Asks: 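The structure's right below; bear with me while I get my questions together.
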Amino acid sequence: CIFVSDSPICERDGRALPAGEQGGTCLPTLAVPPHTAPHHCCRKDAFFCDPHRQATLRAQYRFLPALLAAKRSPALRAGAIRWVVVVDDD
């Protein structure tokens with residue numbers, strides 16, 4: 001598994017470490033900074049102006065970088081990986 005997050009996901013003694021704290025064990029993480037949702041789209045469709053959608057769109061913008069990382073993976077290129085699954089926890 002490769003996790004996509006703002007920063008590495010690490011734990012020590014079974015507890016998650018705050019972002020930036022050193023030590024412990026980190027999961028394989030692709031760090032993709034959050035993006036700001038486009039502001040001009042609301043003029044065309046008010047659907048995207050909903051506060052919940054504005055908050056969750058930032059996470060949605062991580063899907064493409066995650067898929068690109070999978071595509072560039074040596075394991076995928078070598079045929080060791082046959083499937084890529086993207087899971088949204090929202």
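Bear in mind that the values here come from a model prediction, so they are computed numbers and not experimental data.
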Asks: If you round to the nearest 0.5 Å, how far is OG1 of T25 from CG of D13?
Replies: 9.5 Å

Asks: When rounded to the nearest 0.5 angstrom, what distance separates CG in L67 from NZ in K71?
Replies: 10.0 Å

Asks: Locate the shortest heavy-atom distance separating L17 from R12; write the atom from each residue and the value.
Replies: CD2-NH2, 3.5 Å

